[in-house]
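All chains are named by letter (A, B, ...) in the order of the sequence lines, taking the proteins before the strands, and each is independently numbered beginning at 1. Since the structure is predicted, the reported quantities are computational estimates derived from the model, not experimental observations.
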Amino acid sequence: MEYKFQDIEKKWQDWWTANEIYKVSNDSAKPKYYVLDMFPYPSGKGLHVGHPLGYIASDIYARYKRLKGFNVLHPMGYDAFGLPAEQYAIEHGIHPAVSTKQNIENFRKQLDRIGFSFDWSRQVSTSEPSYYKWTQWIFLQLFKSFYNRQTKKAESIDSLIASFEKEGNSNHPIPNSQFLIPDSDASTFTADQWKMFTEKHQQDILMEYRLAYCGYGEVNWCEALGTVLANDEVINGVSERGGHPVVKKKLRQWYLRITEYADRLLGGLETVDFSEAMKEMQTNWIGKSYGAEIDFRIAGSDEKLRVFTTRPDTIFGVDFMVIAPEHELGSTITTAKHKDEVEQYLAWVKSRSERERMAEKTISGVFTGGYAVNPFDFREIPIYISEYVLAGYGTGAIMAVPSGDERDFKFAKHFNIDITNILGDKFNGEEANPTKDAELVNSNFLTGMLMRDAIKVVMNDIENLGYGKAKVNYKMRDAAFSRQRYWGEPFPIVWRNGIAYPLDETELPLELPNVENYKPGPEGEGPLANVKEWALIPIPSPSMEKGASVQQRLGDDAAGAKNFGAVPKYSVYTPMQYELAKNMRKNHTEAEDLLWQQLRNNNLGIKFRRQHPIDAYITDFIALQEKLIVEVDGGYHENEEQKLYDENRTNVLKEIGFAMIRFTNEEVIGNINSVLNKIKRELQKNKSQQKEVGSSQTPLSIHGEGLGVRETNTMPGYAGSSWYFLRYMDPHNNDEFCNKKASDYWNQVDVYVGGTEHAVGHLLYSRMWTKALFDLGYISFDEPYKKLLNQGMIQGSSRFVYRVVPHFYINDKLHQSRPLKKPLFVSYKFYKEIQEESDKHYTENYGYSPDKINVEAYTKILIQIESEEKEIFDGHAPDFSIQKLHVDVKLVDGVDLNMEAFRNSKPEYKNAVFICEDGRINAPLSIHGEGQGVRYICGTEVEKMSKSKFNTVDPSDLVDKYGADTFRMYEMFLGPVEQSKPWDTKGIEGVHRFLRKFWRLFYDEIKGKIWNEEKATGAELKVLHKAIKKIEEDTERFSYNTAVSAFMVCANELADLKCSKKEILEPLVIMLSSYAPHIAEELYHELHKASSTGGGLGEASVLDAAYPILNSAYLVESSKQYPISVNGKLRTTLNISLEASQQEVEEIVLGNDVVKKWLDGKTPKKVIFVKNKMVNVVV
RNA sequence: GCCCAUGUGGCGGAAUUGGUAGACGCGCCAGACUCAAAAUCUGGUUCUCGCAAGGGAGUGAAGGUUCGAUUCCUUUCGUGGGCACCA
């Protein structure tokens, strides 16, 4: 009976599916274990051997834990939103949902063949509405939360509002923001002020607190992709995907306030088992630094220049100050004399792209003419502007200490600024010394102090004297959370009059509409902005009625306003409200009628509307296009309360972009012409202002006034992946993102397997989401992943052929270089030979000189060329070059090119001629040179695995040829999971041989079944238990390559012992099942089916077997073959009892002939004896 | 430039705590089976001197600590990855 892996694998895969063997219950008495893979983006390219590596590693672990008695969650799904699907849609006109579905099916088919133990009933896909419903829901939770710095956790925004109403924002100052708030001088306010703010103003302020917020800031804009990118998606000034240039641009964007979590993200790293490299990367990305903010008075002014420094101890070494070009103080401190120069410099800086700035690090800057005053010694310090100071970090200004900082030093040298040496002889005047261990000199009261200690001293003084304060800074920025793209989660947000209203949770999911094309919308909006019927709210939205802020204002405002709703066409209030309002305003005054006549006559050439609703108000007259409102006071606007209400309403309308002009009844009736003139003037003024305003902060202006408009950006790729590990726990729940009981049971992911490429992206974001969900009480752990295992990349091993390209001459001139009619290839040896020779002789010229190079290959090639095309050199010295070409690895066996297959691979290679490794020629259809041992050897190189390099290997091919079990084991056998290593298909034979050998322990090709139920001997049990020990330990620590090797050793030893006993084989089968599940399942069933003792187990899966238990009694040895060294050099080995004492060992060893020989008659000084290890005789 | 990994036969790699360097597999060599080939099996395989017994060298390089170093320390070189004016 032979090992028919195809039949076996098919049979058991079907059986597993039919019996739902991998289905996991949330309800189990067993302890839980959660093994998670980073879910894949279902690309259209299909799998290569690198992709399943991590999945196999996790699968082995999941199966191992199941055998160990755990209830194991091991799910799989798809990260299905993203750019490539959309790009593909643009190019091929196929809807992303369709291509994504196809890709998923294709992926699944490939994965299924490898025999994973995924519970597919829990599959999730981020682009499914049933999934992104909850992504949107979590977004809303973030939107409705703020980070309470006092309790250090996320809390409901309602509690913040409550606190504002009670005490203003004194206890919750606005967190650091990258954005300019309208009316930004109102960064602190009292409870009374808060209550007086308009809704718009209040909401703008709340936006500065929300964990998910919309702001107007500098973003990485990629023109080619038509979207904004997060910082980690930009590498060296170009996009990570596609390498397109990226520029800084101010745009309206959504952000996650991840910076509030910086400290907890940092601290959490200590509680998780990530690799040091991974922790390091995240730590660097967060970039926490301790220092001080110090205020420097500006000479001759009341202004202060605030700088951030980590080295306050160097305060007496400050020789100049530098501010960023964008720094707001730049214009005030620049003196008249330097104005032109400064402006020129700023213009130059602006003209440079981010990329140029990064590429060339030239020293540039300009003196402002202004001086700052050192608070400690009152020295006046010149202030410069330079690019090297970044506006976004610290305060955008630095105190420069050229003796201690390299950049400051270079700057000082460049601008000839005198350098104060505060380091004494630790500073050589030629380069800065950033040490903290020098003794300070020239430093006033700090002189003689060690810098390290001085930091604390100065810090104290700074705080006590009020010069500044201790400050912690982070490199990390808030994460840009919106993309101007189609294929992503829509934001559950509706904009109206500049306010973002969250959708009600009952309205989720907000589904993506179908679109015709994927072009970006206007003003940097996403493609969804083109879908008017989706983006404009056609029907009243319950969320608008329910919006807390709306309710609140309606309640607080004057009673009359309550019922002033708006028609659905322009707003989202109910029709009922509108009717009510209209009725109340039925009785128009004389003045109103008079003005309406004039305006309707179209005297001004523009269209006015009467009694038109805007926001929650009804206006008297309005020019919609021109955004001008004209109000005539009726007879009932006299009491104070009404006036206040009017003012408030004027402000609100102003904020949403309308100018307001007010007349009294008397004015209108008394002098209607002057009133019309005033309106005319106002219209003109308004026009010119509107031009300046430019692009709006909200999508509102694009679509017209007063409309409710959906947010038309979509969420980035990392939105769905930030929480998917929770959805697996409760994937079909339609009422919650994940039931708390389920998340309490499954808890943290015990092992998370994936690549390092997500170190600062996905991993940080999902850690933040987890912390936020924890804070808000939805889950009970605040780190998602307990242990992270990073699999290495499998690199491709490329093969090359070397084509000879002769240079043709016609009429004394080099005509062209082209391959011969019968393309000529030389074997690697000759290529190398020629390469070396030519390198030796001609490092400057290309080409080869016949009179200098006299190598075998050269002659051979020439003979070959000349035999084909004699006129080729036209009397010139023969000349040619050699092209290195990628050849498909499928045409190569190891390094041996399959010449026949190569000829058939492309029409132009049909007549290819090879100069083979031994110098013989292999030409098509010629007997000459063909036959045994003619080999064409390819060159090899390790590169990234990619289709364009023809070095991809399709797992399906290997599964066809060797089976899934072999494939799985070989991927693991290749080397440590964490390490990157090149793929080499050749070695797979060895693993396949092992499985066949293992099979032969059970079945003989002729005799059939040979396994038996005889009692095992001590030697056999020793082999078994040695294997159990090694394999269990290795599996536990993910050292799969050595575990596979232990299986091999064990099989080899059992074969030597001719052992085919069930007592030995069954435990091995169970252990093997996590590595090679199919063969193990087959053998397990066979062992039980035909067994006299285990007949009842015939239909039990090996998956439900128990892991064998190590009995170390079988491993006990009575003696050991000790290595015996003399002076540390191994000379012999001796079998000595483990019982032997030091004295006995010494006697035996010193009595040994070999040892005696090496002692050469001398007496040993010492005999070192380590029990069970070694003996070393020291002379 | 800074930070972090990493360097072992022809190749992938092993040596878990400082204790016989090269497990296991590929490749290669020899042999068995075969008319022959493939497949399979058996043996050998770090380099070097030697017929052998046996010696010498050897974990990127140079030093050090130690009875003993692939393992720890210092310096240095190569490769891979991360960050890059972060004050």
Side-chain angles (χ1 to χ4, degrees), chain A residues 235-236 275-285 287-289 291 307-311 314 322 357-358 361 363 386-390 392-401 404-408 410-411 434 473-476 756-757 759-760 792-793 795 797 894-895 932 940 969-970 973-976 978-991 993-994 996-997 1000 1005 1030 1033-1034 1037 1039 1041-1049 1052 1055 1120-1133 1154 1157 1164-1170 1172-1179:
Chain A
I235 292 156
N236 288 331
S275 70
E276 285 308 310
M278 180 63 62
K279 288 183 180 179
E280 179 87 17
M281 259 190 257
Q282 294 203 2
T283 305
N284 284 343
W285 186 261
K288 185 177 187 174
S289 56
V307 301
F308 174 71
T309 179
T310 54
R311 296 295 302 275
T314 61
V322 188
R357 217 177 65 81
M358 280 181 166
K361 283 180 203 160
I363 297 163
S386 173
E387 279 196 293
Y388 88 88
V389 173
L390 306 174
Y393 184 78
T395 61
I398 61 154
M399 54 178 234
V401 183
D405 184 283
E406 197 52 45
R407 292 155 306 178
D408 297 346
K410 283 187 180 143
F411 193 87
N473 258 321
Y474 299 92
K475 273 196 252 182
M476 185 167 67
T756 29
E757 64 272 20
V760 292
M793 265 217 308
Q795 291 140 326
S797 182
V895 291
Q932 235 182 307
T940 64
M969 285 195 98
Y970 182 55
F973 186 58
L974 226 42
E978 303 94 319
Q979 220 169 75
S980 289
K981 58 245 157 189
W983 179 263
D984 172 25
T985 302
K986 266 249 113 123
I988 199 169
E989 306 264 1
V991 174
R993 242 167 259 164
F994 155 73
R996 285 216 305 261
K997 194 169 196 170
R1000 279 203 305 274
E1005 288 196 22
K1030 176 83 179 147
E1033 280 173 5
D1034 286 353
R1037 64 188 175 101
S1039 178
N1041 55 330
T1042 51
V1044 173
S1045 126
F1047 276 117
M1048 291 173 168
V1049 171
N1052 288 344
K1120 180 184 166 71
Q1121 197 71 26
Y1122 277 94
I1124 314 295
S1125 304
V1126 178
N1127 280 339
K1129 275 200 165 140
L1130 180 75
R1131 293 304 174 190
T1132 186
T1133 58
V1154 180
K1157 181 183 131 197
K1165 281 192 199 126
K1166 215 194 310 185
V1167 176
I1168 291 157
F1169 167 60
V1170 183
N1172 208 6
K1173 292 275 187 212
M1174 43 60 73
V1175 181
N1176 189 14
V1177 182
V1178 186
V1179 186

- Item | Whole-Å distance separating the OH atom of A:Tyr474 from the C1' atom of B:C83 | 19 Å
- Query: Which part of the nucleic acid does A:Asp408 contact within heavy-atom distance under 4.0 Å: base, sugar-phosphate only, or nothing?
  - Reply: nothing
- Message: I need the CG-P distance between A:Asp405 and B:C85, as an integer number of Å.
- Response: 13 Å
- For B:G9, decide between syn and anti, treating a glycosidic angle within 90° of 0 as syn. syn
- Polar contact flag, side-chain donor to acceptor under 3.5 angstrom, A:Asn1176-A:Lys1166: no
- Just by distance, with hydrogens left out, do A:Asp1034 and A:Thr1042 show a side-chain donor and acceptor under 3.5 Å apart? yes
- Query: Which atoms form the tightest heavy-atom contact between A:Ala400 and A:Val322, and what is the distance?
  - Reply: CB-CG2, 4.4 Å
- Whole Å only: how far is the CD atom of A:Glu989 from the P atom of B:C24? 19 Å
- Task: For B:U45 versus B:A23, give the span between their P atoms, rounded off to a whole number of Å.
- Result: 10 Å
- Nearest heavy-atom pair of A:Ser797 and A:Trp983: which atoms, and what distance? CB-O, 3.3 Å
- Message: Any side-chain N or O of A:Lys475 below 4.0 angstrom from OP1/OP2 of B:C85?
- Response: no
- Which part of the nucleic acid, if any, lies within contact of A:Glu276, taking any heavy atom under 4.0 Å across all strands shown: a base, the sugar-phosphate backbone alone, or nothing? nothing
- Contact class for A:Ile1168 (heavy atom, under 4.0 Å): base, sugar-phosphate, or nothing? base
- Item | RNA chain B: 5'-proximal contact among A:Asp984 and A:Asn284 (nearest heavy atom) | A:Asn284
- Message: Is it true that A:Tyr393 and A:Ser289 share a donor-acceptor pair across their side chains at a distance under 3.5 Å?
- Response: yes
- Below 4.0 angstrom from OP1 or OP2 of B:G55, is there any side-chain N or O of A:Lys1157? yes
- Message: Counting only side-chain nitrogens and oxygens, does A:Arg1131 get under 4.0 Å of the OP1 or OP2 atom of B:G56?
- Response: yes
- When the distance from CZ of A:Arg993 to P of B:C24 is rounded to whole Å, what number comes out? 15 Å
- N or O in side chain of A:Asn1052 less than 4.0 angstrom from B:A23 OP1/OP2: no
- Contact class for A:Ser289 vs. all strands (heavy atom < 4.0 Å): base, sugar-phosphate, or nothing? sugar-phosphate
- Message: Rounding to an integer number of Å, can you tell me how far A:Asn1127 CG sits from B:C67 P?
- Response: 11 Å
- Please determine, by modelled atom types, if A:Asp984 and A:Tyr970 share a side-chain donor-acceptor pair under 3.5 angstrom. no
- Message: Within the 4.0 Å heavy-atom criterion, would you say A:Lys1129 contacts the bases, only the backbone, or no part of the nucleic acid?
- Response: sugar-phosphate
List every contact pair, protein side and nucleotides 14-18 of chain B side both N or O, where the distance is under 3.5 Å.
residue, atom, partner, partner atom, Å
B:A14, OP1, A:Asn1041, ND2, 3.2
B:U16, O4, A:Lys1030, NZ, 3.2

